[in-house]
Amino acid sequence: MTSQIDYLVRAIAEEANVRALACVTTNVVNEVCLRHETNPLASAALGRAITAGALMGALLKTRQTVALKFEGSGPLEKIIVEAESNGAVRGYVREPKAVLPLKDGKLDVAGGLGRSGLLTVTKDLRMKEPYTGTVQLYTSEIGEDLAYYLMESEQIPSAVGLGVYLEPDGRASAAGGFLIQSLPPSDEAMVDRLVAQIGKLPPVTELFRSGKRPEDLLELIFSGISYRILEKRAIAFRCSCSRERVERALFTLGKRGVEELLEEHGQVEMTCEFCRERYVLTEKDLAWVRGEVQ
């Protein structure tokens, strides 16, 4: 069973000093994978990364953005996801047609990404310079890598669970996840209790396929622990590309660079890596660029 809309729930357990996020991302994952025509292996990996991005974006303040870059030695090569504080998320995988044999009957996401590599997190906090943190890939399963980053780079003990369930036709029938963080001062006994309860959870996708919602997921995680929901927000695929942005990018090539492209091809074609939108600009379209740059 799939949710009608994708959304995220943010909650806090004040007694335990723990914050929690849970989300369903089935529709976004399907849209992104459809745009990039991904094989099942790439769909599973990209879907997890998209969900991770949505969770990280929900920790930001208004107009802030975050980018996650997973680079590994496996056939998928690289996954990049960008998320905004308003619930917008987008992403792509370098090799969407990568294939690997199943491992224990399941898609081998860790093998697809590669056992060695890096996770780089870049946050645009609307300050002079963006914040960037990089860690080695921990397990290459996406969720555990993000938890490792949060502990190593931001010193926030975190538990991350991500899942994508693909039907035989390659469509995701359930996708989503959770992020639980222990805030200082940490209550070790409460953290141990939460870890134990998270360990008993069935797979996230199993819960969502059975009709459970992000609220139900939080209820299971915080079983017996007082918490309150702070907000719900929609999650949606949204790209930041536009014809104007393409023109501004060409502006940086300079007049000669633009003229060389036009001489060679008669027009300029650019495709957005995130949404696959194709932009075609003719000599007439680029007249203003050629007139204003040296």
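No experiment lies behind these values; they were computed from the predicted model shown. In this chain, numbering begins with 1 at the start of the sequence shown.
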Under the side chain to side chain contact (heavy atoms under 4.5 Å, CB included) rule, what do F178 and L201 come out as? Steps first, then yes or no, please. CA-CA 12 Å; F178 63 83; L201 286 176; 4.1 Å; yes
A quick test of your reading: do over 12 heavy atoms of other residues, nucleotides or ligands sit less than 6.0 Å from CD of E129? no
In Å and rounded to the nearest 0.5 Å, what is the CG to CE distance from L261 to M270? 9.0 Å
Can you measure from CG (L207) to CG (L220) and round to the nearest 0.5 angstrom? 6.0 Å
Spacing of D216 atom CG and I221 atom CD1 [to the nearest 0.5 Å]: 11.0 Å
Under 3.5 Å donor-acceptor, R243 side chain and V280 backbone: yes
Give the minimum heavy-atom separation between L8 and A54, together with the two atoms involved. CD1-O, 3.9 Å
Okay, side chain of N17, backbone of S186: is any donor-acceptor separation there less than 3.5 Å? no
Just by modelled atom types, is the T132 backbone N or O under 3.5 Å from a matching donor or acceptor in the T122 side chain? no
Are more than 12 heavy atoms from other residues, nucleotides or ligands located less than 6.0 Å from atom CZ of R245? no
Between Q181 and S158, do the side chains contain an N or O donor and an N or O acceptor separated by less than 3.5 Å? yes
For the side chain of D124 and the backbone of P130, is there at least one donor-acceptor N/O pair under 3.5 Å apart? no
For L76 against A45, the heavy-atom pair lying closest together: CD1-CB, 3.6 Å
Establish, yes or no, whether the cationic atom of R233 lies under 6.0 Å from the six-membered ring centre of Y7 and within 45° of the ring axis. no
Do V191 and I225 sit in the same hydrophobic cluster, where Ile, Leu, Val, Met, Phe, Trp and Tyr count as joined when their side-chain heavy atoms come under 4.5 Å apart? no
Given the options R238, K123, R126, R90, E84 meets salt bridge (Lys or Arg N to Asp or Glu O under 4.0 Å) only with R90
So, S226 and E15: side-chain donor and acceptor under 3.5 Å apart, yes or no? no
Main-chain N/O of K61 paired with Q64 side-chain donor or acceptor, under 3.5 Å: yes
Using a cut-off of 6.0 Å, state whether more than 12 heavy atoms not belonging to Y138 lie near its atom OH. no
Rounded to the nearest 0.5 Å, what separation is found between the CD atom of E247 and the OG atom of S242? 8.5 Å
Is there a path from V18 to L230 through hydrophobic residues (I, L, V, M, F, W, Y) whose side chains come within less than 4.5 Å of each other? no
Under a 4.5 Å cut-off applied to non-hydrogen side-chain atoms, are L41 and V99 in contact? no
E277 and R35 ion-paired at < 4.0 Å: no
Any side-chain to backbone donor/acceptor pair from D187 onto M190? Under 3.5 Å, distance only. yes
V9 versus P214, closest heavy-atom pair with distance: CG2-CB, 3.9 Å
Closest heavy-atom pair and its distance - L119, D145: CD2-O, 3.6 Å
Answer with yes or no whether the side chains of E154 and Y149 bring together a donor and an acceptor at under 3.5 Å. yes
For residues L262 and L281: do they belong to one hydrophobic cluster (side chain heavy atoms under 4.5 Å, members Ile, Leu, Val, Met, Phe, Trp, Tyr)? yes
Atom pair CG (L113) and CD (E77), whose distance is rounded to the nearest 0.5 Å: 10.5 Å
Side-chain H-bond candidate by donor/acceptor type, S85 with T62, under 3.5 Å: no
Please determine whether side chain to side chain contact (heavy atoms under 4.5 Å, CB included) holds for the pair L34 and V32, giving the CA-CA distance in whole Å, both sets of side-chain angles, and the decisive distance to 0.1 Å. CA-CA 5 Å; L34 182 65; V32 172; over 6 Å; no
Any heavy-atom pair between the side chains of V135 and Y148 that's under 4.5 Å? yes
F208 and P203, any side-chain heavy atoms less than 4.5 Å apart: no
In the structure I gave you, are the side-chain heavy atoms of L179 and L150 within less than 4.5 Å of one another anywhere? yes
Where at least one partner belongs to residues 91-114, residue pairs that pass side chain to side chain donor-acceptor pair (under 3.5 Å), sequence neighbours excluded: Y92-E273
For V66 and E82: C-alpha separation, side-chain torsions, deciding distance, then whether side chain to side chain contact (heavy atoms under 4.5 Å, CB included) applies. CA-CA 6 Å; V66 62; E82 291 182 354; over 6 Å; no
Test T271 against R276 for side chain to side chain contact (heavy atoms under 4.5 Å, CB included), laying out the working first. CA-CA 6 Å; T271 301; R276 308 310 299 163; 3.8 Å; yes
Examine L59 and L146 and state if one hydrophobic cluster contains both, with Ile, Leu, Val, Met, Phe, Trp and Tyr joined whenever side-chain heavy atoms are less than 4.5 Å apart. yes
Under a 3.5 Å distance rule, please check whether T282 uses its side chain to pair with a backbone N or O of Q267 as donor and acceptor. no
Using side-chain heavy atoms (C-beta onward) and a distance below 4.5 Å, is I235 in contact with C23? yes
With clusters defined by side-chain heavy atoms of hydrophobic residues (ILVMFWY) lying less than 4.5 Å apart, directly or transitively, does Y165 cluster with I142? no
Does the distance from a Lys or Arg side-chain N to an Asp or Glu carboxylate O, for E219 and K212, drop under 4.0 Å? no
Side chains of E269 and Y279: closer than 4.5 Å at any heavy-atom pair? no
Tell me if a side-chain donor or acceptor on R193 pairs with a main-chain N or O of G224 at a distance below 3.5 Å. yes
Could you check if a side-chain atom of C275 sits within less than 4.5 angstrom of a side-chain atom of F237, using non-hydrogen atoms only? yes
Hey, does the side chain of R48 reach the backbone of E141 with a donor-acceptor pair shorter than 3.5 angstrom? yes
Measure across F222 and A13 and return the closest heavy-atom pair with its distance rounded to 0.1 Å. CE2-CB, 3.7 Å
How many angstroms lie between atom CD of E31 and atom CG of D6, to the nearest 0.5 angstrom? 9.5 Å
At their closest point, which heavy atom of G72 faces which heavy atom of L137, and how far apart are they? CA-CD1, 4.2 Å
Please examine the side chains of K69 and I79, heavy atoms only from C-beta on, and report whether any two atoms are closer than 4.5 Å. no
Do R228 and E14 meet the salt-bridge criterion of a basic N to acidic O distance under 4.0 Å? yes
